[in-house]
Asks: 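Have a look at the structure that comes next, please.
Whatever order the structure lists ligands and atoms in, that order sets their numbers, starting from 1. Since the structure is predicted, the reported quantities are computational estimates derived from the model, not experimental observations.
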Amino acid sequence: MTFRRLSDVPGPTGLAAQYSLFRRRLEMGEVLREISQQHGDVARVPILGAPKVLLSHPEDIQEVLATKAAAFRLFSQNLLRKLFPWGVVATEGPVHDENRAHLVLAMRKVLSRRVPELTLRKCRQGLSSFQEGQVVDLYELTRQVTLAMSAAMLFPSEAEHLLLGQIDQEAFLRIVSNVNGWFLGIPTTLQKLVLLAQLPHTLKIMRLRRRVKGQLRETIQKVQAMKTGGPPADVLTLLTEGSEVGGPMPAEFLTDNLMNLLLAGYETTANVMAWAMWEAAHREEVQTHLAREGSRLSPDPEQNIEWINNSPWTDATIQEALRMYPSGWALARQSLFEFRLRDYLFERGTVFITSQWVTHRDTRWFPQPGRFLPERWLDGSSQLAETSAAATGTGEDPPPREKRHPFAFFPFGGGKRFCLGKAIFDFEGALLLGSLFREWRLEPVEGCHPRPRFYATMLPDRQPLVVLRRR
Ligand code: HEM
């Protein structure tokens, strides 16, 4: 059999295409979507350096992220590796596996011992000071709650305030927004040149990174010197003590992994939930359903596990926000060997880009992808006019939720690097929506139209503002 090669892959090429991509780097998700629409499920992306191929079909995505994951390494983790070389997010092979095993166990224990109670308390605290008619920045609101939640999960309750008092939120956000989509795709040497070309800015970011990491290291030492009572129910103590997976985690691994959990868990969750609230603010009937379900929230945290399973609109609203605004919007992998995909044979070193933004907005799986329709996640959704054959543009009904390919919707990634915090997010997201909408109705502020911008995560280009009205 003769295979096609990289040069046969369709896609924009040449300097003009490269320049256009650079110019539109903050719209990177949309640029990739246009490439996929024009050139198909396997398409070239004109970013300098190693050849880059965008895969938009769920079957190909599954192959790279999950089925054949061992044949790939992370791509563009250079920055992450510099920041936290020993953390789960940047490591590979056995070191990654070991980090992951420790974290999975610690987080499972925290989830069962504390998360239901903690989430309810933090959501209530976060929403307690609101007043009728107040204008609220939804992203600021969700960030406050998810940061408090992260601090409470990672540290013993006696020490939460240490983290909250010490971590500089602005520094955190600046670190995230310093890395844009285009930057993630370019080779290390060019990255260095870009960083050098904007030296004062680079130095500032490096100082910020050092400060955040130093603050965290200091906090850990203080906490370890404290005496805490009761069975451990925070990630730091559990990792410090060791477990059935292995002995105590060494100091440099501890700092980097905690930093990873903070970075991976706090802003991503805040981001998606701010978009969920923002979109709900524009659909009165969705808010009514959320309020009705929220009114059944129990003061007993354990009861709320059941509540989550019986609140279909809350779940549907969150799934729809994850579909439209997946905060992790692209994942890239570089092949370690020659790689066969369809009738192509790709050289070792080829980079494969998969993008949640692109695949989640593909009309084959999600008709009317630009519309916020939580209905598509409810039972019987394939009968809905908005999401049926007429709306796909292909004349075919989209697959119902339970038959959809698992990688047509992959906000939490897949395979051996699947998100470690999904179960925690499920709790936080649902309780945040329930607690907010049971008491408040949101009115959009006129003229306020935030759009996502593609940095390391997807940040809104302006504050998503709403007015609060008491129910
Ligand atoms: C809306 C919320 C979230 C989204 C959309 C999200 C998304 C993702 C994605 C796409 C990955 C895969 C990265 C890759 O394959 O390279 C990932 C990994 C990860 N996530 Fe999440 N995440 C969320 C919340 C959380 C939370 C709450 C935590 C922790 C408390 C967390 C911790 C992690 C960690 C540690 C990894 C790295 C796993 C590994 O490399 O083995 N995430 N997340």
Asks: Tell me which part of Leu420 gets within contact of ligand 1: side chain, backbone, both or neither, using heavy atoms under 4.0 Å.
Replies: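 Both backbone and side chain.
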Asks: With heavy atoms only and a cut-off of under 4.0 Å, state how Pro411 meets ligand 1: side chain, backbone, both or neither.
Replies: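 For Pro411, the contact with ligand 1 is made by the backbone alone.
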Asks: Inspect the contact between Glu92 and Arg333 and indicate whether a charged nitrogen and a carboxylate oxygen are less than 4.0 angstrom apart.
Replies: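 Looking at Glu92 together with Arg333, the answer is no, because their closest N to O distance does not fall below 4.0 Å.
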Asks: Heavy-atom pairs closer than 4.0 Å: do any link ligand 1 to the side chain of Glu92, the backbone, both, or neither?
Replies: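 Glu92 to ligand 1: no contact under 4.0 Å from either part.
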Asks: Is it the case that the side chains of Glu267 and Thr457 hold a donor-acceptor pair, with the cut-off being a distance below 3.5 Å and no angle test?
Replies: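 The criterion, which ignores hydrogens and geometry beyond distance, is satisfied for Glu267 and Thr457.
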Asks: Strictly under 4.0 Å, does any heavy atom of Ser327 approach an atom of ligand 1?
Replies: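 Under 4.0 Å: yes for Ser327.
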Asks: Do Ser327 and Thr268 have side-chain N/O donor and acceptor atoms under 3.5 Å apart?
Replies: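 No pair is found: no donor N or O on one side chain lies under 3.5 Å from an acceptor on the other.
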Asks: Which of the numbered atoms in ligand 1 are under 4.0 angstrom from any heavy atom belonging to Val272?
Replies: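 Here the atoms of ligand 1 in question are 1 (C).
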Asks: Counting only heavy atoms closer than 4.0 Å, does ligand 1 sit against the backbone of Lys422, its side chain, both, or neither?
Replies: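 For Lys422, there is no contact with ligand 1 at all, from either part.
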Asks: For ligand 1, indicate whether the residue Arg100 contacts it via side chain, backbone, both or neither (heavy-atom separation under 4.0 Å).
Replies: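 Under 4.0 Å from ligand 1, Arg100 contributes side-chain atoms alone.
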Asks: Can you give me the closest heavy-atom contact between Pro232 and Glu241, atom names plus distance?
Replies: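 The pair with the smallest heavy-atom distance is CG-OE1, 3.4 Å.
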Asks: List every atom of ligand 1 that sits less than 4.0 Å from any heavy atom of Leu261, numbering the atoms from 1 in the order shown and giving each element.
Replies: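 Those atoms are 35 (C).
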Asks: Under the side-chain hydrogen bond (donor to acceptor under 3.5 Å, both in side chains) test, which residues partner Ser311, sequence neighbours left out?
Replies: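 Per chain and number, Ser311 pairs via side-chain hydrogen bond (donor to acceptor under 3.5 Å, both in side chains) with Trp307.
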Asks: Would Gln356 count as a contact residue for ligand 1, given that I'm defining contact as a non-hydrogen atom of the residue lying under 4.0 Å from a ligand atom?
Replies: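 Right, Gln356 reaches ligand 1.
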Asks: Do Phe372 and Trp275 make the cut of ring centroids closer than 6.0 angstrom?
Replies: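 No, the ring of Phe372 stays outside the 6.0 Å limit from the ring of Trp275, centre to centre.
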Asks: Where on Leu331 is there a heavy atom closer than 4.0 Å to ligand 1, on the side chain, on the backbone, on both, or on neither?
Replies: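 Side chain only.
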Asks: Could you tell me which atoms of ligand 1, counted from 1 in the order shown, lie closer than 4.0 angstrom to a heavy atom of Met107?
Replies: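 What qualifies from ligand 1 is 29 (C), 30 (C).
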Asks: Just to check, does Arg333 reach to within less than 4.0 Å of ligand 1 when the distance is taken from its heavy atoms?
Replies: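 Judged by the 4.0 Å heavy-atom criterion, Arg333 does count as contacting ligand 1.
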Asks: If you take the centroid of each ring, where Trp contributes its six-membered ring, are His360 and Phe409 closer together than 6.0 Å?
Replies: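 Judged by ring-centre distance (under 6.0 Å), Phe409 and His360 do meet the cut-off.
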Asks: Pairs of nitrogen or oxygen atoms closer than 3.5 Å, one from Arg417 and one from ligand 1: do any exist?
Replies: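 Yes: some nitrogen or oxygen of Arg417 is under 3.5 Å from one in ligand 1.
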Asks: Can Glu293 and Thr314 be counted as having a side-chain donor-acceptor contact under 3.5 angstrom?
Replies: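 There is such a pair (donor and acceptor under 3.5 Å, judged by atom type) between the side chains of Glu293 and Thr314.
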Asks: Does any N/O atom on His96 come nearer than 3.5 Å to any N/O atom on ligand 1?
Replies: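 Min N/O separation from ligand 1 is below 3.5 Å for His96.
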Asks: Please enumerate all residues that pass side-chain contact (heavy atoms from CB on, under 4.5 Å) together with Ser335, with sequence neighbours excluded.
Replies: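 Residues passing side-chain contact (heavy atoms from CB on, under 4.5 Å) with Ser335: Phe72, Phe339, Thr350, Phe352.
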